[in-house]
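Scroll down for the structure; my scribbles are underneath it.
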Amino acid sequence: MSWSDERVELLKKLWGDGLSASQIAAELGGVTRNAVIGKVHRLGLSGRAKAARPAAPRQRKVRRPSLPPRPAARVIGNTVLKVALSPELDEEVEEEVVVQVRAPAVVEELFILPEERVTILQLTEQTCKWPVGDPGSAEFYFCGRRSEPGMPYCEHHCRIAYQPAGDRRRGR
DNA sequence: CCCTGATTCGC
DNA sequence: GCGAATCAGG
């Protein structure tokens, strides 16, 4: 997604309206808040009415000379989790990672308080992404509780989703 | 922990 | 020019 005149104008407007960079990024779509902030600076419209930062002497730090893209780990089972899982794998992992995922529909449902439920737009890195209900229906929602560190699900749904190979029963 | 904007610098 | 990574701060 590029910065067309249209998108730049919208950016200017929203920034002027006081929306945060992340809000603007969501509004525009296809860009991150970093992209928005970067653009804001290049356009020279930073420092939005707020007191100028004391410009603290920022610490220089060694940048990672960019690692070659790690090949995606092989995922066996529900490939829906492929994207969610791959970035979380440790770099030193050498053996093939096998993840078995049970179909959510087969599993007993956990009642999730309505106020905890979230839409897909509300999911963040640390939000449980366990889907509940028919994705096509109005009642569809995601668990929304706090996910386990580095995992796409909360503790409860991690237990359901990831069955250690040794624990699998015969015939199931 | 969530979030904010600011800055640097590999691309 | 772009934006991820990484800062400082609320």
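Each chain gets a letter, A, B and so on, in the order the sequences are listed, and its residues count up from 1.
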(message) Distance check needed: dC3(B) C1' versus Glu125(A) CD, whole Å only.
(response) 15 Å

(request) Check the distance between dA5(C)'s P and His41(A)'s NE2 and give it to me in whole angstrom. (result) 18 Å

(message) So, using side chain to side chain contact (heavy atoms under 4.5 Å, CB included) as the criterion, who are the partners of Glu27(A) when residues are at least two apart?
(response) Leu14(A)

(request) Check side chain to side chain contact (heavy atoms under 4.5 Å, CB included) between Leu123(A) and all other residues, then give those that pass, not counting sequence neighbours. (result) Val118(A), Ile120(A), Thr127(A), Lys129(A), Phe142(A)

(message) Looking at Arg42(A), I'd like to know whether one of its side-chain N or O atoms comes within less than 4.0 Å of OP1 or OP2 on dC2(C).
(response) yes

(request) Could you check how far CG of Leu14(A) sits from P of dG5(B), rounded to whole Å? (result) 12 Å

(message) When you measure from the side-chain N and O atoms of Lys39(A) to the phosphate of dC2(C), is any distance below 4.0 Å, counting only OP1 and OP2?
(response) yes

(message) Just verifying a value: how many Å separate Ser22(A) OG and Ile37(A) CD1, rounded to the nearest 0.5 Å?
(response) 8.0 Å

(request) Quick one: pull up CG in Leu10(A) and CG in Leu28(A) and give me the separation to the nearest 0.5 Å. (result) 5.0 Å

(request) Find the distance Leu11(A):CG to dG1(C):P and express it as a whole number of Å. (result) 15 Å

(request) Take atom CD of Gln122(A) and atom P of dC3(B), then tell me their distance rounded to the nearest Å. (result) 12 Å

(request) Round to the nearest Å and state the distance from Leu43(A) atom CG to dG1(C) atom P. (result) 10 Å

(message) Just to verify, what does Pro149(A) make a side chain to side chain contact (heavy atoms under 4.5 Å, CB included) with, not counting sequence neighbours?
(response) none

(message) On DNA chain B, does the nearest nucleotide to Gln23(A) precede the nearest nucleotide to Gly38(A) from the 5' side, or the other way round? Give the residue.
(response) Gln23(A)

(request) Please report, rounded to the nearest Å, how far the P atom of dA4(C) is from the CE atom of Met1(A). (result) 13 Å

(request) Not counting sequence neighbours, list each pair that qualifies as a side-chain hydrogen bond (donor to acceptor under 3.5 Å, both in side chains) and has a residue in residues 3-14 of chain A. (result) Lys13(A)-Asp17(A)

(request) May I have the distance from Leu19(A) (atom CG) to dC3(B) (atom C1'), rounded to whole angstrom? (result) 15 Å

(message) Heavy atoms within less than 4.0 Å of DNA chain C: which residues of residues 2-10 of chain A have one? Give them sorted by number.
(response) Trp3(A)

(message) Does the structure place the NZ or CZ of Arg117(A) under 6.0 Å from the centre of the six-membered ring of Phe111(A), at an angle of no more than 45° from the ring's axis?
(response) yes

(request) Using a cut-off of strictly less than 4.0 Å between a heavy atom of the residue and any atom of DNA chain B, enumerate the qualifying residues of residues 26-35 of chain A by number. (result) Arg33(A), Asn34(A)

(request) Among the candidates dT4(B), dT7(B), dG5(B), find the nucleotide nearest to the side-chain atoms of Ser22(A). (result) dT4(B)

(message) How long is the straight-line distance from OH of Tyr153(A) back to SG of Cys128(A), given to the nearest 0.5 Å?
(response) 7.5 Å

(message) Working to the nearest 0.5 angstrom, can you tell me the gap between His156(A) NE2 and Trp130(A) CH2?
(response) 7.5 Å

